[in-house]
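For ligands, and for the atoms within them, numbers begin at 1 and follow the listed sequence.
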Amino acid sequence: MGIDFKRLAKEFGTPLYVYDLDYMKKQYRELKSAFEGAKSLVCYAVKANSNLSVINTFANEGSGADCVSIGEVKRALLAGIKPYKIIFSGVGKSDSEIKEALELKILMINVESEEELKRVEAVAKELGIEARISIRVNPNVDPKTHPYISTGLHENKFGVDINMAKRMYIYAKNSQNLDPVGIHFHIGSQLTQLEPIAEAAEIIADLVRSLHAINVDIKFFDVGGGLGVVYDDEVLINTQEYANAIKRAIKGLDLTIVCEPGRFLVANGGYLVTKVLYEKRNGNKRFTIVDAAMNDLLRPSLYKAYHKIELLDKKEGEESKTDIVGPICESGDFLAKDINMPPLSSGDLLLVHSAGAYGFTMASNYNTRPRACEVGCEEGECRVIRKRESFEDLIANERLYLKA
Ligand code: LLP
């Protein structure tokens, strides 16, 4: 879809997040159809981009949701996701979150420790119900991605090891208040190699076989998220091969495949439009100061992540290397380092690509900066789907007790 970013910047101001909802739908359909021939449920990982209109786009496609807080569960419901398609994961759920999730009758709570299992059991008992659960198993497989987004090794805090998982399943099977319906793994994010996922799927499928043998009736095989996307020149996992590897792993088992993609569905459907404020030099070093900062898009600062930046206007003059930096008082506040740009001047617009996943959701109000406006474009029409925060929004919950 040809989005007129310059017009949108003029109309809604900058920094501005723009989402191509048609692209997001296309990604959903590609993945969903790769699982054809098997029972499958795609649960969009809401953390990647939790704008209600984005979630609603997937809800309309029949998607479920993978949530990591009760807030995300409520967002998903509000955006039209059916409760029986919602999974609640995360290493640290509070009692009240567990209670609310059970009351909302979601598909399953994904349990990440033995203590949590007992907590879920206790809360379910209080409510007089049986809680549908899955257990997140840590298969100890190296996903070969950035260490901060690698989750499937024993050194990571996520899930439980296979022996512990077995004990927990047996405990759950014998409990009046627990119904172990699913098994889950998620080895990491921005994965570009299929082998670690296939290996983890084989390990977990074998575990399902041994659980079925002792009458633990697992029905949902949740392979997590993690499919990588192109930021720069990455070679991606083919989605059909990905689905085939999972189908192969569970051959002979009667299971519904669940997957929890976030980035794959939204990253390249999102853009951050930012305006040049100034250019300056410190000695030989050139800086382009723009109106978006690390509070708007944290990924470059936090992970040294690469985001392609495109100049929206043609400019004369010789290109030279520059750092694209924001107005925040931190040396780590940059969107790109050492990229080639012609001489730029105040008002020039830059388009930051691949900003649809973990962009706005990781934004903050650091330096009392309001969070950006979000615009969603669908079938040729662009609408504000979250208005820019005002100063009043930022201080709304604060109380000023003036001392005499
Ligand atoms: N399922 C679970 C249990 C997860 O922990 C995650 C992501 C997903 C699904 C979705 O993963 P995806 O398909 O998006 O790779 N802020 C980081 C990414 C953190 C990912 C956390 N978990 C970034 O900006 O790269």
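Proximity of R75 to L52: side-chain heavy atoms (C-beta onward) are separated by under 4.5 Å at one or more points. Counting heavy atoms from C-beta on, the side chains of L77 and P83 come closer than 4.5 Å. The side-chain heavy atoms of Y231 and R299, taken from C-beta on, include a pair separated by under 4.5 Å.
Of all the heavy atoms of F158, none lies under 4.0 Å from any atom of ligand 1, so neither backbone nor side chain is involved. At a heavy-atom cutoff of 4.0 Å, ligand 1 is contacted by the side chain of D66 but not by its backbone.
Evaluated by nearest non-hydrogen atom to atom 24 (O) of ligand 1, the leading choice among R299, R136, H184, M362 is R299.
Looking at ligand 1, you won't find any N or O of S89 less than 3.5 Å from one of its N or O atoms. At under 3.5 Å, not a single nitrogen or oxygen of P261, backbone or side chain, sits near a nitrogen or oxygen of ligand 1.
Per the SG-SG cut-off, C377 and C382 are bridged by a disulfide [distance under 2.5 Å].
Looking at residues two or more places apart in sequence or on another chain, you find a side-chain contact (heavy atoms from CB on, under 4.5 Å) between L311 and K315, M341, P342, L344, D348, L350.
Numbered from 1 in the order shown, with element, the atoms of ligand 1 that lie under 4.0 Å from a heavy atom of E260 read 1 (N), 2 (C), 3 (C), 8 (C), 9 (C), 10 (C), 13 (O). Close approach of ligand 1 to R263 is summarised as follows: ligand atoms under 4.0 Å from at least one heavy atom of the residue are 12 (P), 13 (O), 14 (O), 18 (C), 23 (C), 25 (O). Ligand 1 places these atoms under 4.0 Å from at least one heavy atom of G262: 12 (P), 13 (O), 14 (O).
Side-chain contact annotation: N110 with S134, donor-acceptor N/O pair under 3.5 Å present.
Contact between G226 and ligand 1 is present, with at least one heavy atom of the residue lying under 4.0 Å from the ligand. The shortest separation from a heavy atom of F264 to ligand 1 is not under 4.0 Å, leaving the residue out of contact.
The ring-ring contact (aromatic ring centres under 6.0 Å, His included) contacts involving residues 86-107 comprise nothing, where partners must be two or more places apart or lie in separate chains.
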